[in-house]
Amino acid sequence: MSPPKTAVKVKSAPQKALEKLGLRRDIDLALHLPLRYEDETHIGVLQDARDGETMQFEGRVTDCEVVYRPRKQLIVKVQDPTDECTLRFFNFYPSQQKALAVGQQVRVRGEIKGGFLGWTMLHPSFKAAGGDLPSALTPIYPTVAGLPQAYLRKAVLAGLARADVSDTFAPGDLASFEGTRFKGASFEGASGQGIWTLREALGFLHHPAPDVSIDALHDHTHPAWQRLKAEELLAQQLSQLQSRRERAALRAPALLAPDSENSLHARLLSSLPFSLTAAQVRVSSEIAEDIKRPVPMHRLLQGDVGAGKTVVAALAAAVCMDAGWQCALMAPTEILAEQHFRKLLGWLEPLGITTAWLTGTQKAKDRRAMLALIESGEAKLVVGTHAIIQDKVQFKNLALAIIDEQHRFGVAQRLALRNKLQHDAMEPHLLMMTATPIPRTLAMSYYADLDVSTLDELPPGRTPIVTKVVHEARRHEVIERIRAQVAQGRQVYWVCPLIEESEVLDLSNATETHAELSGALDSPDVHFPVGLLHSRLAPDEKKAVMSAFVQGRTSVLVSTTVIEVGVDVPNASLMVIDHAERFGLSQLHQLRGRVGRGAAASACVLLYSSGDAPRLSEAARERLKAMSDTNDGFEIARRDLEIRGPGEFLGARQSGDAMLRFANLDEDQALLEWARKEAPLLMDSQPALAHKHISRWLGTKAEFLKA
Ligand code: ADP
Ligand code: MG
């Protein structure tokens, strides 16, 4: 008799694990592809084993005992016709111990290690010897704890059998595309072309044919993989195209640039102490063209550190104010926001513009006054930190929001910004600025919904920064060099290392360095004051330290990484980064960008130490080498992508969910180009198929991609 059925279905642990992996629909299961394959089709012999390979053999258990030193473990010896192997288990059940009793014939499979004491395997899988051998390779799927391969495999195959895997684009659409052709004719799909249908590709990858070699599968150039990578990239392009088109249906104030000589824009331009670079002129007109349309702009302005993004932002703000609307500029840190505020005030106050200042730390009274200025519209320009997007802030008529160092803001903050700034069913135009240039392939894939403007030219008269990588043992020479610089009236930054998870250590390190440099530079006979900036200072104190340095009253600024972004003191000509090996590449480049802003020759010293280790890690060495090889932010960004992969690069833009799983932007650029061309064609000619494709691949993730 079967047990009575209960009304409520309780989900089993593996079912929950499937959901955790995001495998809810049949199609999700069908698109959950193997990480790799194992060859269980034949039995090897120990004599032919290679160290480190995964293999299986059959033999007789000759010894099985539990030992307690150094910790409890089961040690089993198995003999095959050629040799012996020791199996070791740290976790085991009594039933397993029984199955491995002396005299049992077993089939063992695992990674084999050779060594002084003979062959060993740690936690191999095993079963009774003599069972059937599978005829094809066994797929191994990405999984999580509590979800055994066998269960997952069954679920995937069942999902594949039920799912609709009909093509959303014909193999012919890819056929014209050279990069997808596979060299081996034997792999041609049933379609007779080098390109497979989705059904063929999935069938092949989940159920490899008996004669296929592991290498052909592990190499993602196989046509079945090409098909899946093309599918995935197309989904990404389609979803971004869709969000771009949805945005095109939204309304924004049309900000027409006036051509009058009395306009704020014209007066600002003529009052600047320099003339714009060609790149600044070009980028400014790209922005002007965009904001004069009644559709919200979403533009990323990228330009290397020191390229002069602030003045481009100010000119866009001027166009906005000329049209009678408000503009806001938001920066990720108070120091940076303050610096923008001062700079913009310097440019715009003489032209009669009232600028409001907003941060989380200002006094309630000041804040109320600012809020009133913003609400009445008297303040045409608002500068501040993310305090700008807090609830209390009411704009009269905001039309342009500028976000500096946009990658430092999280997805949630950016969404809040868009919601906050909407009014009268209008959205403001958005200009995001970044000094971390996005490599072309990333811009084309993850940022395809944005328009990108690039400042690819530095203002004239800058001398390139010379970067030196120096061992910690030569610290005293570096201090001598600082002394020489300050004696010539120059200023110096000294950035203290990031000490992971310890603000206290960070601080004590910065304090010690400050004492050390003060001792060397600021004594009764030589007088070069040294400032100290760290995150524990109150906002007022920070401000005081910063302005002392800006005004040249201190010669050296010792700082934790709070100065990382945007700080602009043209007289500073030497940057020392202590324990540079602990910093990320883009951070190093940002820090270095604090110098080389004036005409004086500038240098950056990367002090490193390998600590207790005999040498630096490979990645640390690559970072330091990249820094000494080039000053070019794009090249740095490219190398950073190489060292770290896109996951970290994108930071808060997207979580792992939306990452590409199969395609690799480095290797699959050609496929990416194809997807970029294909997406609008498909969306226009077969919108239903395009939507089916998006939902098939991205399901509920599509929304997230828009943030
Ligand atoms: P970033 O792009 O890193 O934000 P900034 O906007 O801070 O760069 O500009 C760096 C420095 O260059 C500032 O001192 C700025 O006033 C100056 N600058 C900007 N544009 C020009 C230009 N066309 N000619 C000369 N100096 C410029
Ligand atoms: Mg800047």
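Predicted, not measured: the structure shown is a model, and the values here were computed from it. Residue numbers start at 1 and run along the sequence shown. In each ligand, atom 1 is the first atom listed, and ligand 1 is the first ligand listed.
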* After noting the C-alpha distance and the side-chain angles of Glu338 and His340, does the key distance pass the side-chain hydrogen bond (donor to acceptor under 3.5 Å, both in side chains) rule? -> CA-CA 5 Å; Glu338 158 107 31; His340 281 314; over 6 Å; no
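- Here is the list of ligand 1 atoms found below 4.0 Å of a heavy atom in Lys343: 13 (C), 14 (O), 15 (C), 16 (O).
- Listed by chain and number, the residues in a ring pair (Phe, Tyr, Trp, His ring centres under 6.0 Å) with Trp357 are Phe341 (sequence neighbours excluded).
- Less than 4.0 angstrom separates some heavy atom of Thr310 from each of these atoms of ligand 1: 4 (O), 5 (P), 6 (O), 7 (O).
- Listed by number with element, the atoms of ligand 1 under 4.0 angstrom from any heavy atom of Leu276 are 23 (N).
- Considering backbone and side-chain N/O of Val311, none are found under 3.5 Å from N/O of ligand 1.
- Checking side-chain atoms of Thr467 against main-chain N and O of Ser628 turns up no donor-acceptor pair under 3.5 Å.
- Screening Val605, Leu517, Ile577 for a side-chain contact (heavy atoms from CB on, under 4.5 Å) with Trp494, the sole residue that qualifies is Leu517.
- Those atoms of ligand 1 with a heavy atom of Pro459 less than 4.0 angstrom away are 20 (N), 21 (C), 22 (C), 24 (N), 25 (C), 26 (N), 27 (C).
- The closest heavy-atom contact to atom 9 (O) of ligand 1, among the options Gly346, Pro273, Gly308, Ala307, comes from Gly308.
- Looking at His429, its side chain does come within 3.5 Å of a backbone N or O of Pro253 through a donor-acceptor pair.
- Every atom of ligand 1 is numbered from 1 in the order shown, and the set under 4.0 Å from a heavy atom of Ser275 is 22 (C), 23 (N), 24 (N).
- Using a non-hydrogen distance threshold of 4.0 Å, Gly303 does not register as a contact of ligand 1.
- Proximity of Met433 to ligand 1, defined as any heavy-atom pair under 4.0 Å, is not found for any part of the residue.
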* To do: Just do the side chain to side chain contact (heavy atoms under 4.5 Å, CB included) check on Lys542 and Leu533 with the steps written out, would you?
  => CA-CA 6 Å; Lys542 273 187 204 166; Leu533 188 67; 3.9 Å; yes
* Which is it for Gln326 and Lys396 under the side chain to side chain contact (heavy atoms under 4.5 Å, CB included) test, yes or no, and what are the steps along the way? -> CA-CA 7 Å; Gln326 285 175 304; Lys396 177 162 179 257; 3.6 Å; yes
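- Residue Lys309 has at least one nitrogen or oxygen atom sitting less than 3.5 Å from a nitrogen or oxygen atom of ligand 1, judged on distance alone.
- Two residues are said to be in side-chain contact when any heavy atoms from C-beta on lie closer than 4.5 Å; Lys292 and Val319 fail this criterion.
- Atoms of ligand 1 lying under 4.0 Å from at least one heavy atom of Thr277, given by number and element, are 23 (N).
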